[in-house]
J.: 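Structure provided below as structure tokens; questions to follow.
Order of the sequence lines sets the chain letters (A, B, ...), proteins ahead of strands, with each chain counted from 1.
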Amino acid sequence: MTQTTIQQIFSNYMTKQPLFINKKALTTSYTPENVPHRDEQISQLASILTPVLKRERPSNVFIYGPTGSGKTLVTQYVASELKGAAEKNGIPFHIVYVNCKMKRVADTEYRLLAHLSNLLGKEVPPTGLPTDQVYKTFFGALDEREGVVIFIIDEIDALIKKVGDELLYNFTRINQDVKNVKVSFIGISNDLGFTENLDARVRSSLSEEELIFPPYNALQLQRILTERSNLAFNKGKVADGVISKCAALAAQEHGDARRALDLLRVAGELAERENAQMVEEKHVDAAESKVDMDRIIETVKMQPKQSKAILYSIIYLTRGEEKTCLSGDVYDEYVRICKIIGLKPLTQRRVSDIISELDIMGIITSKVISKGRYGRMRDIGLAISAEIYQKLLNFLKSDFGFD
DNA sequence: AGTCCACAGGAAGGGCAGGCGA
DNA sequence: TCGCCTGCCCTTCCTGTGGACT
């Protein structure tokens, strides 16, 4: 390559109009100025929360809806608008947001309380204190405030499934333990049947109001994407059909707006990388498999060695074909792999739990079957495409030092 | 109808790392 | 330093179970 051509590449790069103006507009953390297709939910939530402006405690609210249906966005949007209105009128009002799915942050009772206390300005160490002490610190931190405090607890079902509903029971009684503030809760959950398993007292007092968020349809997704892509991309850099394709793909996945935005963002990144003039439909196709692949490979990377060995056993037995295997065989294979890589095998009981975890992560599918006289066991298959299978296999092999 | 397989999955508790207060 | 507390990962022990076989 001559020096002139290199210079040309640089100058092309500098003079060419970039695809993106503001990539952040396509991320989930971005809060847009308005939230389309959620007017009803916004006004419902706003009217539930308005007592704040009269210095009164609003009802507790439970919000349900599938992933990417705008629950978190709407809640944060309404809360911040309310905060603006409260500030204008000199009314003390605080919002505390926490997501219970954040590993090692708020996925246990202790961690949630410690995290909330930290957000309220009272430091609590990540471990080491008795729980009642943490409750005391939390109440203390709360009582130093004035007016109304609203806790937004996102993915609350994940937490309660893990720690039980006693925590929520304590929350329902919180207003008896503090003097200076009035406290309300907004619980956000993907699981519609979540409150059915709750203690009746907890259910009635925590879900004084309920809001349901339906999934977006393809047309609604299209409008959301158009709005965001106008913010994110330079004019004329997105080909016709790209947005509707992203919307259609995401609509198939239960109207998940988050996925639609991911697809568009990744398609843009892929187009940028190959120096394309604009984002085209082929980039969306490539983005679709990349989004899935990245999610799965990243999830597997974070797993401990034991889980990887179990997953490898399943992959080995099914060989990526549409074949399934049985839990007993997986355990035998896993023990064999452990011997090869010098790992102490876990018990069958623990392996059974890890198989369930892999199932929840969406990497495998498993169902309990009975073979009558020959016992009851789990039938396990892979839940990933052939392309991802190959990539995952290569990753695991290199991780274990196999060739 | 009763038996029996090969597990699933609940309950209890052990061992460990790590923080706090005395 | 010690005793006590926590979460986390794991084992041990146990009961439950769908359906083929007798």
J.: If only atom types and distance count, is the side chain of A:Q220 paired as donor or acceptor with the main-chain N or O of A:N217 below 3.5 Å?
T.: yes
J.: Do A:T67 and A:D256 meet the criterion of a side-chain donor-acceptor pair at a distance under 3.5 Å?
T.: no
J.: For A:Y334 and C:dC10, give me the distance from atom OH to atom P, rounded to whole Å.
T.: 8 Å
J.: In plain terms, say whether A:K391 and A:D294 are close enough for a salt bridge, that is, a side-chain N and a carboxylate O under 4.0 Å apart.
T.: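 No.
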J.: Report all interatomic pairs (protein N or O, nucleotide N or O of nucleotides 15-17 of chain B) with separations under 3.5 Å.
T.:
none

J.: Please verify the inter-ring angle class for A:F185 with A:F171; under 30° counts as parallel, over 60° as perpendicular, anything in between as tilted.
T.: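 Rings of A:F185 and A:F171: parallel, under 30°.
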J.: With a 3.5 Å distance limit and no angle check, can you tell me whether A:D143 reaches the backbone of A:N180 through a side-chain donor-acceptor pair?
T.: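 Judged by distance alone, yes, a pair lies under 3.5 Å.
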J.: Round to the nearest Å and state the distance from A:K367 atom NZ to B:dG9 atom C1'.
T.: 19 Å
J.: Between A:Y312 and A:Y389, is the ring centre distance below 6.0 Å?
T.: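 Ring centroids of A:Y312 and A:Y389 are no less than 6.0 Å from each other.
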J.: A:I310 CD1 to C:dC10 C1': how many Å, rounded?
T.: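 Interatomic distance, CD1 of A:I310 to C1' of C:dC10: 12 Å.
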J.: Grab the two heavy atoms, one from A:D240 and one from A:E281, that are nearest each other, plus how far apart they are.
T.: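 Closest pair (atom of A:D240, atom of A:E281, distance): O-OE2, 3.9 Å.
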J.: Supply the atom-to-atom distance A:Q76 CD to A:K71 NZ, rounded to the nearest 0.5 angstrom.
T.: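 Spacing of CD (A:Q76) from NZ (A:K71) equals 12.0 Å.
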J.: Can you see whether A:E146 engages A:H94 through a side-chain donor-acceptor pair at a distance of less than 3.5 angstrom?
T.: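 No pair is found: no donor N or O on one side chain lies under 3.5 Å from an acceptor on the other.
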J.: For nucleotides 14-22 of chain C, give me one character per nucleotide, 5' to 3': B if any protein heavy atom sits under 4.0 Å from the base, S if the only such contacts are to the sugar-phosphate, - if neither.
T.: --BBBBBS-
J.: Would you please classify the geometry between the A:F62 ring and the A:Y64 ring as parallel, tilted or perpendicular, with 30° and 60° separating the classes?
T.: parallel
J.: In whole angstrom, what separates A:I380's CD1 from B:dC7's P?
T.: 10 Å
J.: Give me the residues of residues 347-361 of chain A where at least one heavy atom lies under 4.0 Å from an atom of DNA chain C, by number, or none.
T.: A:T347, A:R349, A:R350
